[in-house]
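Structure first, commentary second.
Chain identifiers are assigned alphabetically (A, B, ...) following the order of the sequence lines, protein sequences preceding nucleic acid strands; residue numbering begins at 1 within each chain.
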There are 2 protein chains.
Amino acid sequence: MNRLLLVEDDMATCMAISSFFANEFEILVKNNGFDFLDTIKEFKPQLVLLDMNLPGPNGLKLLASMKEHLHSVPVFMITVRSGEEEILKAFQLGASDYITKPFSLKVLEVRIRRWMQKTRSESVIQIGAAVVDLLAAKVTIDRSKTDLTQKEVLVLRYLIANSGQVLSREQFLDYAWGYDFEGTSRTVDNVILSLRKKLGDTNDRQAIIQSHRGLGYSLNLPELLK
Amino acid sequence: MNRLLLVEDDMATCMAISSFFANEFEILVKNNGFDFLDTIKEFKPQLVLLDMNLPGPNGLKLLASMKEHLHSVPVFMITVRSGEEEILKAFQLGASDYITKPFSLKVLEVRIRRWMQKTRSESVIQIGAAVVDLLAAKVTIDRSKTDLTQKEVLVLRYLIANSGQVLSREQFLDYAWGYDFEGTSRTVDNVILSLRKKLGDTNDRQAIIQSHRGLGYSLNLPELLK
DNA sequence: TTTCGTATGACACTTCCATGACAAAAGGAG
DNA sequence: CTCCTTTTGTCATGGAAGTGTCATACGAAA
């Protein structure tokens, strides 16, 4: 699950955001700007929501100090003020987006998702006729539940995380078995096989887990955005 | 110079934007949504600013129809209305950003700049009428999708990586088959043949994959992304 | 022990693609 | 322009490699 660092001192906003995204992201809330860099290094968030007005160093200062060292982590600035100067400054310092209060949580969600380049990172996701809960390792299809084994969860998570892309058997082995594993390609095939069974997949041209001869497998969700 | 397509019926906004960006971008202004797709195909903008309220088809419709064919061009929606539904819809349809009037021209500028820097590293490429996704091993042309085989992916990747250059059959064989492969030249030809079919290519003077007698093949992209 | 997860091998089946044959096109020489 | 050669376009086909699937063996956990 993706990690989200929220740095915000207004309790109402904190509560709103963290409860709204609770199922989607692992959220760490900080109420001030102290120890900002250390927090990021430890928590390793995929994205940071950063308030402008904070006790301690203010948002722009934090952004500046952070972008010196950790260039790759995207930062969304959040603020009640929306002065042009400040917005420009924020973008100039490397902010990825700039959200003005009050804002819609749903809109914030799509902006975050778009930036993470992941359309779905929920733990519960619909795959064809099946509803998959990766955390609980369960598949529900037509009201009947099936458990997923460890390997099945790993393989499926990898498929979902890279949905649409063709993944080679080597990649699966590296991800789910470890780099030192000396397995045959049959090993991956069999996990795919059982996944297909549990997902009620068909293995034809409309298959959700598609085979690509000589390349690997890919997960093709029917309608990515409905 | 980067090209910017502005589709907007309010003259004041048009004037403001086009004069502000005159030195930075080559701007084409359209006052309505007619001939939208054709305009894009001819003008080949790096980015589109699209108003929601237009004479003719409205902004969301245009966005939807466009994203079916031209994935790679980022679109910023511009509007006076800012209903949550509409914003969500726009993002779901593939909008890259959503700007609410009135807006600061300078802020618009940094948002545009930031997005132009971001779009360079995409795995989805437009080749003629086809949209190619090498990671997904897939070609979309007129809404119908075709899978690419292993050899097709390799050859096409090599063509794209060296687009514009003439590549000999030997080079293809070395890259996609391996140095020790003892194949005939027909082997490469057949892959090129099937690629042309899947890409909807013509094999004439305007062909995208061009033959060079005695030399090899080259990929000629119409200078959309360089 | 029994049970479950997992890895491996066997076998049938499917698909790709290398090959060769021939047609079509391009280029060069006369 | 015409003929001839060389190169390329295109198709059919057989073989071989990749894959689906099942049965089985092993080990860990209950």
Report the distance from atom [atom1] of [X] to atom [atom2] of [N], rounded to the nearest whole Å.
{"X": "A:I192", "N": "C:dT6", "atom1": "CD1", "atom2": "C1'", "value": "15 Å"}
{"X": "A:E152", "N": "C:dC4", "atom1": "CD", "atom2": "P", "value": "14 Å"}
{"X": "A:D147", "N": "D:dA29", "atom1": "CG", "atom2": "P", "value": "18 Å"}
{"X": "A:I209", "N": "D:dG20", "atom1": "CD1", "atom2": "P", "value": "10 Å"}
{"X": "A:L173", "N": "C:dA7", "atom1": "CG", "atom2": "C1'", "value": "11 Å"}
{"X": "A:F172", "N": "C:dT6", "atom1": "CZ", "atom2": "P", "value": "16 Å"}
{"X": "A:L195", "N": "D:dG20", "atom1": "CG", "atom2": "P", "value": "12 Å"}
{"X": "A:Q210", "N": "D:dG18", "atom1": "CD", "atom2": "C1'", "value": "17 Å"}

Closest to the [X] side chain: [options]?
{"X": "A:D189", "options": "D:dT21, C:dA7, C:dC17", "value": "D:dT21"}
{"X": "B:K197", "options": "C:dT14, C:dA18, D:dC11", "value": "D:dC11"}
{"X": "B:L193", "options": "D:dT10, D:dG9, C:dC16", "value": "D:dT10"}
{"X": "B:K151", "options": "C:dC17, C:dA26, C:dA7", "value": "C:dC17"}
{"X": "B:N190", "options": "D:dT8, C:dT19, D:dT19", "value": "C:dT19"}
{"X": "B:Q150", "options": "C:dC17, D:dA17, D:dT8", "value": "C:dC17"}
{"X": "B:W177", "options": "C:dA18, C:dT6, D:dT19", "value": "C:dA18"}

Please tell me if [X] has a side-chain N or O lying less than 4.0 Å from either OP1 or OP2 of [N].
{"X": "A:T149", "N": "C:dC4", "value": "no"}
{"X": "A:Y217", "N": "D:dG20", "value": "yes"}
{"X": "B:S211", "N": "D:dG9", "value": "yes"}

| field | Residue from B:H212, B:Q171, B:R169, B:Q165 passing side-chain contact (heavy atoms from CB on, under 4.5 Å) with B:Y217 | value |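 That would be B:R169.
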
| field | Donor-acceptor contact present, side-chain A:S19 to main-chain A:M15, <3.5 Å | value |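 Yes; judged by distance alone, with no hydrogens or angles, the pair exists.
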
| request: Report which part of the nucleic acid A:T187 touches: base, sugar-phosphate, or nothing (heavy-atom distance under 4.0 Å, all strands). | output: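 The answer is base, as A:T187 lies within the cut-off (heavy atoms under 4.0 Å) of a base atom.
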
| task | Run the salt-bridge test on A:R113 and A:E109 with the 4.0 Å N-O cut-off and return the result as yes or no. | result |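 Answer for the salt bridge query: yes.
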
| field | N-O pairing of B:K138 and B:D147 below 4.0 Å | value |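 So B:K138 does not pair with B:D147 through a salt bridge.
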
| query | For the base of C:dA7, is there a side-chain donor-acceptor partner from A:R186 under 3.5 Å away? | reply |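 A donor-acceptor contact between them is absent.
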
| said: Please determine whether side chain to side chain donor-acceptor pair (under 3.5 Å) holds for the pair B:D189 and B:T187, giving the CA-CA distance in whole Å, both sets of side-chain angles, and the decisive distance to 0.1 Å. | reply: CA-CA 5 Å; B:D189 294 4; B:T187 303; over 6 Å; no

